[in-house]
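The model shown is predicted, which means the values in this text are computed figures rather than measured ones. Atoms considered below: every heavy atom in the structure, side chains included; atoms not considered: hydrogens, waters and symmetry mates.
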Amino acid sequence: MNVAGVIISTGPESRISQVGRPSRLRSDSLARAALDASLAEVVVVVADHGRAEQLPEGVTVLLDEGGSQASALRCAIDWCMREGHEAIVCTTIDRPPPGLDVALAPGTWRALASSTLGPLVVATKSGRHSGIFRVDADIWPMLPLDGAVARALDAKIELLRELEIVDLSGEPDPAEAPIPPGSFVDDEVSAPDAQRVAELLGREPTGAFTVVVRDRAGDPVVIQNAPFLFDGTPMPTRYWLVGGREQEAVGRLESSGAVRLLESRFDPAVIEATHARYASERDALIDPGHSGPRPTGGVGGTRRGLKCLHAHLAWYLAGGGDPVGRHVAHLLSGEIEGPVAAIDCGTNSTRLLVLDRDGSVLEREMTITRMGQGVDNTGVLAEAAIERTLEVLSRYREILDRHGVVRLRATTTSAARDATNRERLFEPAKAVLGVDLELLAGEEEGRLSYLGATAGIPGADGPSLVVDVGGGSTEFVASPGDPERSDNDVASLNIGCVRVTERFLHDDPPTPSQLETARSSIKDNIADLRAEIPALYVPRRCIGVAGTVATLATRSQGLLTYDGAKTHGTSISREFVDAELATLARTSLAERRQLPGIDPDRADVIVGGVLVVQQVLECFGFNEMVYSETDILDGVAMSLLRG
């Protein structure tokens, strides 16, 4: 079969740091592995010409300035369709969790290229999904290219098959190739890093290491050690906490009796499995033929139970997913810095945002979960909706662990607020995430919504009305017209794309009378705000957020798929909204799912959402709405960075 390799190289570049060897850019290492697999073609999509110059000969380089993985994957698929390829094996330059970097082995590319398991196959290692997968041409048009490339695996979950990578035909994985003990040359560490680590340790390092986690100022926080010291002595602790602030914080925690407390909270089997995984990943760096002393024990050299919380936290911060380290990070969330994250369990979708220490976006995910399906009629969350949401939260938990997130807030709004059985979701969600799902109070919700929605919108520092069109409700937040005030005026109405659809739009397509009844109800709800909160009518600038407005912005720009970089700040005219509503309302659901710019999972509720937007513009007298890609999710994450 004619199979192409595809590497999405549009995000932040990193290097493959192999102790004792010159480092390589990750995109270069992946491209060489794909070339060595002898595929029909190797395609690398880059965001700038500079990166193309650093790639090996023999690859096809495509330039995509969209800046998102979604745009880059669409660019690659369009090329592969023209070249007649029948499937692609795809990965990104994102750093995978420790021990899952199978994309660096040519054998993985060959195994996926020759797989006959099905049209959508992901490579796994020890039962965990890696970042490389195969997609046959038959389902390319079905991929929801509106988020990270990993969302392609969720597009057709019923077709997804797993290929366990165990035997790579004797080929050493470049990331785990055996290195003889005593032969390390510390060529991965700059002179300033070597000097700073020596200062933090209070002595010269006695073994090779690389810096794998830094603080906001670039100071080393976690180093990764070689499995042997320079003199050949086994080194059991693979990840070492060297950051001064972090060492002091963990020291205070241990002196308060936290080791014994945490040991009592964790199932011994969980701790044992954690030690075993740590040891396995460390020992993979050792030559199988080595006959001398070897490192022993698990995290921090411990055979069983807990001993060194410093080592557990170090592994977690480095992306190891250590459950004990995660709990330590949670206990110290106000004392240490690191990536932060926000999760929003909405009526229609569940979303995740991970920000780095400097505020840059590490991950942004959105999955349609329909948590509020039927709540308006039954007053309870459906079991299927709860299961869908928890499944997504479990996947998000893996992403949080991969980035070593130290602070997390998870919020939920309309559907959960209205459900009498919300604890059926709240309790297992806390078990998965480690934090409570928060039902935000109106004032807090308004403050965070306004903070997030106005980020990066030119001129948004003046009085503006932020409108968040959700699935079960629509929130209105106005900045104060009076400079003496620092609060916001906030209102929430139980009208949203899902709720309007379930209440009024029963036919496919909806009848004119159903549309008129829905329009009249929305108008009456909004009209009540003038008497209750007249300050909402003061701003003469309207900023819209969430999926319905994102779809309108995408359609107004003539884009085939959503691209936040291109739609953020887009002005959507009242005339366009009127015309779009007329178009969508006369098409069937099957037809709407095929329209460019509309997520197939949103097609059944988009008419109800556009009706809400139309009436907001009409009732408030706005001629246009400006779309903001950032919203309350960004506001929550930004509040965590600010402390």
Side-chain angles (χ1 to χ4, degrees), residues 8 10 45-48 62-82 140-149 151-152 155 348-349 364 366 368 453 456-459 467 469 497 509 541-614 616-617 622-631:
I8 305 301
T10 55
V45 186
V46 300
D48 59 78
L62 304 180
L63 180 65
D64 180 76
E65 298 179 340
S68 69
Q69 290 187 352
S71 175
L73 182 55
R74 171 53 63 193
C75 175
I77 285 179
D78 288 346
W79 172 270
C80 290
M81 289 177 65
R82 290 195 296 270
W140 289 350
M142 305 178 192
L143 299 182
L145 305 180
D146 61 347
V149 165
R151 283 206 64 215
N348 194 52
S349 61
R364 188 185 290 273
M366 187 278 291
I368 301 292
I457 295 291
V467 181
V469 183
C497 60
R541 179 184 181 87
C542 182
I543 299 174
V545 299
T548 294
V549 189
T551 302
L552 288 170
T554 301
R555 298 267 293 165
S556 71
Q557 292 292 303
L559 302 176
L560 296 178
T561 58
Y562 173 75
D563 187 331
K566 294 180 180 178
T567 53
H568 184 63
T570 295
S571 294
I572 308 165
S573 70
R574 190 165 159 184
E575 291 75 17
F576 176 81
V577 173
D578 289 341
E580 188 73 355
L581 178 60
T583 298
L584 297 175
R586 64 171 175 261
T587 58
S588 67
L589 174 58
E591 292 169 331
R592 291 196 296 276
R593 282 179 170 149
Q594 299 300 317
L595 291 175
I598 297 181
D599 186 327
D601 290 333
R602 191 176 294 278
D604 59 335
V605 296
I606 189 62
V607 175
V610 176
L611 269 169
V612 174
V613 172
Q614 182 199 54
V616 167
L617 293 174
F622 292 117
N623 292 322
E624 65 179 17
M625 175 180 286
V626 178
Y627 169 63
S628 174
E629 184 191 24
T630 56
D631 55 19

Leu63 and Val46: side chain to side chain contact (heavy atoms under 4.5 Å, CB included), yes or no, with the steps?
CA-CA 5 Å; Leu63 180 65; Val46 300; 4.1 Å; yes

Does Asp599 form a side chain to side chain contact (heavy atoms under 4.5 Å, CB included) with Met366? I'd like the steps, not just the answer.
CA-CA 11 Å; Asp599 186 327; Met366 187 278 291; 4.2 Å; yes

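The minimum heavy-atom distance between Ile543 and Met625, with the atom names listed, is C-CG, 4.3 Å. Nearest heavy-atom pair across Cys542 and Val467 is SG-CG2, 3.9 Å. The two residues Val545 and Ser628 come nearest to each other via the heavy atoms CG1-O, 3.6 Å. Residues Cys497 and Thr548 come closest through the heavy atom pair CB-OG1, 4.0 Å. Residues Asp563 and Ser71 come closest through the heavy atom pair OD2-CB, 3.6 Å. Across every non-hydrogen atom of Ser556 and Thr570, the tightest pair is OG-CG2, 3.7 Å.
To the nearest 0.5 Å, atom CG of residue Asp604 and atom CD1 of residue Ile598 are 11.0 Å apart. With rounding to the nearest 0.5 Å, the separation of CG in Leu559 from OG1 in Thr561 is 7.0 Å. In this structure, Thr10 OG1 and Leu62 CG are separated by 12.0 Å, a value rounded to the nearest 0.5 Å.
Here Ala550 pairs with Tyr562, Tyr627 under the side chain to side chain contact (heavy atoms under 4.5 Å, CB included) rule; sequence neighbours left out.
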Kindly list each side-chain donor-acceptor pair under 3.5 angstrom involving residues 575-591, sequence neighbours excluded, with atom names and distances?
unit_1: Asp578; atom_1: OD1; unit_2: Gln614; atom_2: NE2; d: 3.0
unit_1: Glu580; atom_1: OE2; unit_2: Arg555; atom_2: NE; d: 2.5
unit_1: Glu580; atom_1: OE2; unit_2: Arg555; atom_2: NH2; d: 3.1
unit_1: Thr583; atom_1: OG1; unit_2: Ala579; atom_2: O; d: 3.1
unit_1: Arg586; atom_1: NH1; unit_2: Ala582; atom_2: O; d: 3.2
unit_1: Thr587; atom_1: OG1; unit_2: Leu584; atom_2: O; d: 2.9
unit_1: Ser588; atom_1: OG; unit_2: Glu591; atom_2: N; d: 3.2
unit_1: Ser588; atom_1: OG; unit_2: Glu591; atom_2: OE1; d: 3.3
unit_1: Glu591; atom_1: OE1; unit_2: Ser588; atom_2: N; d: 2.8

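Proximity of a side-chain donor or acceptor of Arg592 to a complementary backbone N or O of Ala603 within less than 3.5 Å is detected.
Using a 4.0 Å cut-off between charged nitrogen and carboxylate oxygen, Arg74 and Asp78 count as a salt-bridge pair.
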